[in-house]
Amino acid sequence: MITAQEISNGIAGAFAMAKGRADWPDTFDMSAEQVFKSIWAVLLALPAMLLTLEAQRQIALANPVTEAARLIANMGAMTYYVSQTLVFVLVWAAEIAMLVIIAQRRGAGWKISPLIIGANWAKFVFTLSLGLMTGLSILAGTPGFALFGGMLAYGLLFYLRWGVIRRTMEFSPLRTAGMLAALMLAFIAISTVISVFLALFGFVTIDLPEA
């Protein structure tokens, strides 16, 4: 199990790297145990992620005007939750794998540990923020606030990831931006592959343009 203090230390370490503090290596435990415990971030983020998914589904059902909204509306509720949870976990794993492979090729050494810990807790903070913003939007009955909250959450994720990648990989600003773009492409690619898989096996239907 993981303790509240360990969660707090992991998040504090991610923010220390984002702020560019010179003492960031001293802000949290970078042991192998904490690397494995940072995987708890995935499980702890699931409730907030499911809340966001439910809000997206309700919006799609109420107003299926875009292709993405129609795809969601055509899914059964269980298929939607299972498929999107699968996307969430696979994307998270792919992002960490990409970061570790690149860090190893750069000879990052001991900095691979804070890279994994910082990246995991940065994603947790993002997912929690997105879920909280979505929850507030639902309570207030203002769907537009969810969009604004989503922009803030993605801005926070960008801020944290920028710091984690720069401090551990020692990238230039340009290469850091390229790494962030690669992570976004990984999200799009995995999401697309799973959507096609679901369509091929008849779980959902995808409207193709007429010839």
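Bear in mind that the values here come from a model prediction, so they are computed numbers and not experimental data.
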Euclidean distance, Leu183 CG relative to Met98 CE, rounded to 0.5 Å: 5.0 Å

CH2-NZ distance between Trp121 and Lys37, expressed to the nearest 0.5 angstrom: 10.5 Å

Cluster link Val89 to Val35, ILVMFWY, side chain under 4.5 Å: yes

Student check: side-chain heavy atoms of Leu180 and Phe158 closer than 4.5 Å: yes

Pi-cation contact, Phe88 with Lys123 (under 6.0 Å, within 45°): yes

Non-hydrogen atoms of Ile190 and Ala94 that approach each other most closely: CD1-CB, 3.4 Å

Minimum heavy-atom distance Leu130-Thr134, with the two atoms named: O-OG1, 2.8 Å

Glu54 side-chain N/O to Leu51 backbone N/O, donor-acceptor pair under 3.5 Å: no

Spacing of CG belonging to Leu115 relative to CD1 belonging to Ile165, to within rounding of 0.5 Å: 7.5 Å

Gap separating the CD1 atom of Ile117 from the CD1 atom of Ile112, nearest 0.5 angstrom: 12.0 Å

Basic-acidic side-chain contact under 4.0 Å: Glu170, Arg175: no

Nearest atoms (heavy-atom pairs only) where Thr127 meets Ala45: CG2-O, 3.5 Å

Beyond-backbone contact of Phe171 with Arg106, side-chain heavy atoms, under 4.5 angstrom: yes

Donor-acceptor under 3.5 Å (Thr27 side chain, Asp23 main chain): no

Shared hydrophobic cluster, Val82 / Val91 (ILVMFWY, side-chain heavy atoms < 4.5 Å): no

Non-hydrogen side-chain atoms of Leu50 and Leu53 separated by less than 4.5 Å: yes

Side chain to side chain, Met169 and Lys111, heavy atoms closer than 4.5 Å: no

Heavy-atom closest contact (Thr85 atom, Met49 atom, distance): OG1-CE, 3.6 Å

Taking every non-hydrogen atom, the tightest pair across Arg57 and Tyr81: CD-OH, 4.1 Å

Donor + acceptor pair across side chains of Trp40, Asn120 (<3.5 Å): no

Common cluster, Trp92/Leu157, ILVMFWY with side-chain heavy-atom separation under 4.5 Å: no

Heavy-atom side-chain contact between Arg166 and Pro173 under 4.5 Å: yes

Aromatic contact, Trp162 with Tyr159 (centres under 6.0 Å): no

For the student: nearest non-hydrogen atoms of Leu99 and Ala119, plus distance: CD1-CB, 3.9 Å

Rounded distance (nearest 0.5 Å) linking atom CE of Met151 with atom CG of Leu156: 14.0 Å

Please table the atom pairs, donor to acceptor, closer than 3.5 Å between any side-chain atom in residues 7-14 and protein atoms at least two apart or in another chain.
from	atom 1	to	atom 2	distance (Å)
Asn9	OD1	Gln5	NE2	2.8
Asn9	ND2	Gln5	O	3.4

Shared hydrophobic cluster for Tyr154 and Val87 (ILVMFWY, side-chain gaps under 4.5 Å): no

Shared hydrophobic cluster for Phe36 and Met1 (ILVMFWY, side-chain gaps under 4.5 Å): no

Spatial distance of atom CD1 (Ile116) from atom OG (Ser38) [nearest 0.5 Å]: 7.0 Å

Backbone of Ala16 reached by a side-chain donor or acceptor of Arg21 within 3.5 Å: no

Stepwise side chain to side chain contact (heavy atoms under 4.5 Å, CB included) test for Met184 and Met179: CA-CA 9 Å; Met184 179 59 69; Met179 188 72 247; over 6 Å; no

